[in-house]
Chemist: 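Sharing a structure below in structure tokens format, with a few things to ask.
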Amino acid sequence: MVRRAQPERTCVGCRQRAPASELLRIVAIDDEAGYGLRPDPARRLPGRGANMHPDPACFAQAVRRRAFGRALRLAGVPDDGALAEYLTRQPPRPATRSGEVR
């Protein structure tokens, strides 16, 4: 049986590498007021994406470091309200980051 390699991505918050299936894809949507961050759990929205663990701690780190603007190649700071709301509505998931002990 041949095992296929899973694509790995880096979380913009904690900077840990993880399989893409464990990370939430984030895209920037251009609206009237500028750019807004939107979650893309199905990984189907067009455009450049950033990846992040679906964890409020990783979100806080990414916002503090202004990582979304750099990862998505945006000028200025995008609106993160819709993304913050999405993360607070999600049930907590067990962390599976490499090197983390549970």
Chemist: Looking only at heavy atoms, what is the nearest atom pair of Arg48 and Ala71, with distance?
Modeler: NE-O, 2.9 Å
Chemist: Side chains of Arg17 and Asn51: any donor to acceptor distance under 3.5 Å?
Modeler: no
Chemist: Side chain to side chain contact (heavy atoms under 4.5 Å, CB included) between Thr10 and Leu23: does it pass, once the steps are laid out?
Modeler: CA-CA 9 Å; Thr10 301; Leu23 300 174; over 6 Å; no
Chemist: Does some side-chain heavy atom of His53 sit less than 4.5 Å from a side-chain heavy atom of Cys11?
Modeler: yes
Chemist: Do Leu45 and Val12 belong together in a cluster built from hydrophobic side chains that touch within less than 4.5 Å?
Modeler: no
Chemist: Would you say the side-chain atoms of Asp40 pair up with the backbone N or O of Ile26, donor to acceptor, closer than 3.5 Å?
Modeler: no
Chemist: Side-chain heavy atoms nearer than 4.5 Å, only ILVMFWY residues, links allowed to pass through others: does that put Val63 and Leu74 together?
Modeler: yes
Chemist: Listing request: all salt bridge (Lys or Arg N to Asp or Glu O under 4.0 Å) pairs with a residue in residues 62-73, at least two apart in sequence or in separate chains.
Modeler: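 Output for this query is empty, none listed.
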Chemist: Closest heavy-atom contact between Cys14 and Gln61?
Modeler: CA-OE1, 3.3 Å
Chemist: Grab the two heavy atoms, one from Leu83 and one from Pro39, that are nearest each other, plus how far apart they are.
Modeler: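 Nearest heavy atoms, Leu83 then Pro39: CD1-CB, 4.1 Å.
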Chemist: Nearest heavy-atom pair of Met52 and Phe68: which atoms, and what distance?
Modeler: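 Between these two residues, the closest heavy atoms are SD-CZ, 3.8 Å.
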Chemist: What distance separates Arg15 CZ from Cys58 SG, expressed to the nearest 0.5 Å?
Modeler: 11.5 Å
Chemist: State, with a plain yes or no, whether a side-chain heavy atom of Arg25 is found less than 4.5 Å away from one of Pro41.
Modeler: no
Chemist: Under the criterion side chain to side chain contact (heavy atoms under 4.5 Å, CB included), which of Asp79, Leu72, Val27 is the partner of Leu37?
Modeler: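 With Leu37 as partner, Asp79, Leu72, Val27 yield a single side chain to side chain contact (heavy atoms under 4.5 Å, CB included), made by Leu72.
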Chemist: Hey, is CZ on Arg44 packed in by over 12 heavy atoms from elsewhere, all under 6.0 Å?
Modeler: no
Chemist: Please tell me if the side chains of Gln90 and Asp55 come closer than 4.5 Å, counting only heavy atoms from C-beta onward.
Modeler: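 In short, these two side chains do not touch, never coming nearer than 4.5 Å.
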Chemist: For a side chain to side chain contact (heavy atoms under 4.5 Å, CB included) check, start with the C-alpha distance between Phe59 and Asp80, then their side-chain angles and the critical distance, and finish with the verdict.
Modeler: CA-CA 10 Å; Phe59 174 70; Asp80 57 16; 3.9 Å; yes
